[in-house]
A.B. asks: 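Have a look at the structure that comes next, please.
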Amino acid sequence: MVCGMDVSYRGVRGAGAAVVLSYPDLKILEKKVAFRSVVVPYTPTFLAFREMPFFTALMRRLEMRPDVFMIDGHGTYHPVFCGSASHFGVVFNVSTIGVAGGLMGLEGEVKDGGTILLKGRRVGMAIRDGKRGVYVSVGHKMSLDLAASIVRGCIRGHRKPEPLFLADSISRGAIRGELHGQ
DNA sequence: GCGACAG
DNA sequence: ATCTTGTCGC
């Protein structure tokens, strides 16, 4: 089972969504949403501090035990090799994969074909389906090759792999729905 | 319609 | 990430 997690915002309010899918058939097994008010502003390379409260709430609500978590953000592709996907994996001691739509332009960053090197370390891979692709990096307890293989196995005709595509649309629908309930 | 993308 | 509106395309 693979679980996609993402957070959508509307002003100070945010909605986090976790979607558990079977693998490799990608059938939805569980969905959870958690609302919170954010207190931490967004600062590049510190995304985890803003999103962890949502992930923690979602982990409390999840009933299933996914084998791997897919996070909308980077893993080892980070100044200190610890992006939000890594941070989350370490805190909960689970396997994680970071998937993001773009690079940040970090110091010591080199693109070697589809491979991303950071200060000489192989920290990411570009995975493309159509015109634009996504960047995959290891979060925690996972090899880059397996992470890339799993992400490829979750692509279903969208730029983002299905677990994140679903978590993204569910969290967006949830935060917009909260507006209508006020 | 839904998703991608311009901007 | 979000705001907003239209257009192109499957």
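Sequence lines set the chain letters: A, B, ... in the order given, protein chains first and strands last, and positions in each chain run from 1.
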A.B. asks: Taking the minimum atom-to-atom distance to the side chain of A:H158, which one of C:dC3, C:dA1, B:dA4 wins?
C.D. replies: B:dA4
A.B. asks: If the condition is salt bridge (charged side-chain N to carboxylate O under 4.0 Å, His left out), which residues does A:D67 pass it with, not counting sequence neighbours?
C.D. replies: none
A.B. asks: Going by the rule salt bridge (charged side-chain N to carboxylate O under 4.0 Å, His left out), which residues pair with A:D6 if we only count those two or more places apart in sequence or in a different chain?
C.D. replies: none
A.B. asks: When you compare B:dG1 with C:dC3, how far apart are their P atoms, in angstrom units rounded to a whole number?
C.D. replies: 22 Å
A.B. asks: Scan A:R13 against the nucleic acid and name what it touches under 4.0 Å (heavy atoms): base, sugar-phosphate only, or nothing.
C.D. replies: nothing
A.B. asks: For DNA chain B, report each stem as range with range, ordered by first number, or say none. Use Watson-Crick or G-U wobble pairs under 3.5 Å, at least 3 in a row.
C.D. replies: B:1-5 with C:6-10
A.B. asks: Nearest whole Å is fine: how far is B:dG3 P from A:R156 CZ?
C.D. replies: 16 Å
A.B. asks: I'd like to check the salt bridge (charged side-chain N to carboxylate O under 4.0 Å, His left out) partners of A:E107; sequence neighbours left out, ordered by chain and number.
C.D. replies: none
A.B. asks: A:L164 CG to C:dA1 C1': how many Å, rounded?
C.D. replies: 15 Å
A.B. asks: So A:F49 and A:H87, would you call those rings parallel, tilted or perpendicular, with 30° and 60° as cut-offs?
C.D. replies: perpendicular
A.B. asks: Roughly, in whole Å, what's the span from CZ in A:F46 to C1' in C:dA1?
C.D. replies: 19 Å
A.B. asks: Once you round it to whole Å, what is the distance between C1' of B:dA4 and CG of A:D168?
C.D. replies: 13 Å
A.B. asks: Rounding to an integer number of Å, can you tell me how far A:I175 CD1 sits from C:dA1 P?
C.D. replies: 14 Å
A.B. asks: Quick one: A:M104 CE to C:dA1 P, roughly how many Å, whole number?
C.D. replies: 14 Å
A.B. asks: Applying side chain to side chain contact (heavy atoms under 4.5 Å, CB included), can you list everything that pairs with A:A100, at least two apart in sequence or on another chain?
C.D. replies: A:H74
A.B. asks: In this structure, would A:M142 and A:M1 fall into the same cluster of hydrophobic residues linked by side-chain contacts under 4.5 Å?
C.D. replies: no
A.B. asks: Rounded to whole angstroms, how far apart are CD on A:E178 and C1' on C:dA1?
C.D. replies: 16 Å
A.B. asks: In whole Å, I'd like the distance from the CD atom of A:E162 to the P atom of B:dG3.
C.D. replies: 10 Å
A.B. asks: Suppose we screen for side chain to side chain contact (heavy atoms under 4.5 Å, CB included). Which residues come up paired with A:K119, at least two apart in sequence or across chains?
C.D. replies: A:F81
